[in-house]
Amino acid sequence: MKKVLLLVLALGVGAAVAIGACGRRPIRAGQGDLLQLAQARGLTPEDAARALKTFVPPGGRDEYMLFASGGHSGQVHVIGVPSMRLLKTIAVFTPEPWQGYGYGADWSEGALNGESNPDPGEHLRWGDSHHPALSETDGKYDGRWLYINDRAHGRIGMVDLSDFRAKQVLHVPNLQTSHGGVFATPDTRYVHISSKVPALKAWNAAKGQRVTVDDHLNRYADIYRGYSTFIRVDQATGRMNLKESFQIELPPYTQDLADAGKGASYGYAFINSYNVEMATGGLAHGKPPLEVGASALDFDYLHIVNWKKAEEVVAAGKFTEINGIRVISLETAVAEGLLFLAPEPRSPHGVDIAPKGDYITVSGKLDPHATVYGFDRIQKAIAEQTFEGKDRYGIPILKFDAVVAGKVELGAGPLHTQYDGQGNAYTSLYLESAVAKWTLGEPYHPADQAFKVVDKVSIHYNIGHLATAQGDTMDPHGKYLIAMNKWSIDRHSNVGPLHPQNFQLIDISGPKMELVADMPVGFGEPHYAQMIKAETVKAHEVYDPGVSPASMTKSGDAIASEKEARIVRRPGVVEVWMSVVRSHFTPDIVNAKVGDKVIVHLTNVEQTPDATHGFAVPMKNVMVSLDPGETTTVEFTVDKPGSYSFYCTEFCSALHLEMQGWLIVEPK
Ligand code: CUA
């Protein structure tokens with residue numbers, strides 16, 4: 001494209017019209033106009049080419065959707081690629097009034113308050129969303145659901161992509177924090193999550209497990225454990241079902257990122273770890289700082305989990321139910337041969353499986369190489385018991401040289417790897433602020449061209465994760481790469497000391513990577529993102545009449561029109577079936593007495609796309625967003641007398657301002 005624009009600038013009108021003629025109005029601008037435009041805006045020909053590569057005309061659509069975690073904003077952001085425009089923010093772990101999420105609406109309270117909360121009295125109102133996982137069929141994104149983990153609390157949220165709303169937040173038992181995953185198995189039979197920092201064995205927040213500093217410093221290896229969790233997904237609804245899920249107990253190393261085997265390695269999961277030293281921190285107690293203690297050894301361990309076998313072990317009843325989930329103990333995992341370790345160079349971070357499932361790329365923060373394990377070698381080493389020993393928990397450690405297929409020196413601080421469809425890998429280099437492109441081995445590249453760096457591009461600055469188009473699936477498209485940069489320092493207008501983070505769009509369609517756009521991310525600290533072909537996602541335009549977002553079926557409280565609207569009173573309760581339509585609520589006056597519980601079943605009786613209304617009650621945390629067709633219930637108690645004007649928060653019609661009613665609270 002760059003060459004094309006340069007041609008345009010050089011050759012003038014004919015070429016310009018040719019470009020513009022791709023199914024659209026021809027561009028009337030001649031050479032002079034385009035040059036003048038570029039010059040007037042201070043753009044170089046390269047800049048202008050970048051603009052053409054990313055521009056989506058008014059009314060146009062992006063080719064891809066990027067689902068990016070919002071970090072400790074607790075949200076997920078949907079961004080169009082290549083335009084890098086924010087399309088939507090989806091609240092998952094945090095309340096968000098625009099979507100009516102967390103302000104009384106039944107479906108949102110159900111999600112936000114979480115399931116299986118070990119401490120039900122503690123209503124968490126924040127989360128640290130980290131790794132999104134789009135559901136997959138046959139190893140490819142299918143556009144049905146999105147799962148995301150909460151780094152802070154060991155939870156998983158589920159977003160239904162038929163309406164882009166979060167429907168479920170599950171507290172995963174025995175985890176306090178999480179990092180490893182979420183990944184979906186290639187058939188979305190399970191979504192996986194493992195602990196980040198180990199928690200007290202069979203951790204139970206509600207019971208407030210007792211531990212002393214002395215226990216922590218001297219019995220760390222005995223009292224803490226990690227857990228690898230396979231959460232079963234209901235194939236009809238996408239909901240996570242704890243009863244059919246299971247966990248595998250792990251040593252109290254700090255388990256880090258994880259990925260699902262696919263193709264050749266289907267049935268396996270791979271989890272990184274660091275701090276196999278089990279450093280405890282405790283400067284004042286004569287211990288080294290955690291980051292020093294955790295970096296003492298030259299190797300940490302890649303955990304290799306045969307989850308297919310684990311599933312059989314659970315089916316055979318070899319588990320203990322702990323806090324509502326079936327747990328395979330470490331001893332059983334070792335005895336059944338479903339857990340192995342492989343050494344990995346110090347303090348690894350990312351573990352990323354190649355498209356065919358044959359290679360496993362691990363990058364160590366403190367090692368300039370990517371280490372590439374061959375799944376065939378792993379299988380052979382397991383079969384032939386090529387072990388270099390066992391760890392203190394008895395888990396066999398595979399011999400490093402026996403399982404490594406290749407090493408490639410990438411640069412300083414390699415973290416995460418994604419792939420394209422041509423057998424290339426792209427690894428983020430945090431310390432070097434760069435992305436390295438390198439080649440995989442056979443069958444992707446002949447042996448003499450394998451494991452070589454072929455290109456590098458600078459980014460700005462401190463890249464964490466990166467995402468290529470469908471780059472963690474069995475169907476990688478290459479094409480675009482998003483660098484998710486932690487720092488932006490000098491890249492954007494000064495908006496105060498908290499800088500936006502920086503997404504950078506890199507064109508990877510040619511042999512050389514080219515940075516084409518910056519996107520300031522001023523709405524959260526993004527971690528990972530996945531990029532899906534936009535047409536794969538098929539969301540509803542409107543809900544069928546009376547559908548509840550909670551169940552995605554018709555609500556028993558739905559009404560067809562304002563004729564069915566009514567108020568029913570019983571002692572202490574005022575229950576309202578209210579219709580919502582441009583531009584009035586029916587009923588528009590609701591009276592209650594101080595102390596009453598008010599239950600309002602709201603139905604937006606419209607079927608016109610985009611005809612969303614709101615139901616907002618001042619001086620109350622009540623804010624419901626009602627999309628066309630939706631039925632949602634909100635409950636609240638009125639405790640002060642007065643007259644409150646509820647109103648519609650969406651500018652829905654010319655008479656939107658008139659779309660209000662009265663809640664009159666009479667004294668007792
Ligand atoms: Cu309905 Cu404004």
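Counting starts at 1 for both ligands and their atoms, in listed order.
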Around atom 1 (Cu) of ligand 1, number of protein N/O/S atoms which are nearer than 2.8 Å: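 Total protein N/O/S atoms under 2.8 Å from atom 1 (Cu) of ligand 1: 4.
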Pi-cation contact, Tyr64 with Lys533 (under 6.0 Å, within 45°):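 That pair qualifies as a cation-pi contact.
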Could you walk me through whether His499 and His492 satisfy the ring pair (Phe, Tyr, Trp, His ring centres under 6.0 Å) test, starting with their C-alpha distance in whole Å, then the side-chain angles of each, then the deciding distance to 0.1 Å, before giving a yes or no? CA-CA 8 Å; His499 291 223; His492 304 292; 9.2 Å; no
Side chain to side chain contact (heavy atoms under 4.5 Å, CB included) between Arg151 and His527: does it pass, once the steps are laid out? CA-CA 11 Å; Arg151 154 74 178 87; His527 282 260; over 6 Å; no
Count the heavy atoms belonging to other residues, nucleotides or ligands that lie under 6.0 Å from NZ of Lys640, then report whether that count exceeds 12.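 Incorrect, the count does not exceed 12.
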Glu122/Asn117 under side chain to side chain donor-acceptor pair (under 3.5 Å): CA gap, chis, key distance, verdict: CA-CA 8 Å; Glu122 185 72 49; Asn117 186 348; over 6 Å; no
Taking the side chain from Asn502 and the backbone from His460, do they hold a donor-acceptor pair closer than 3.5 Å?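 Yes, Asn502 side chain to His460 backbone: donor-acceptor pair under 3.5 Å.
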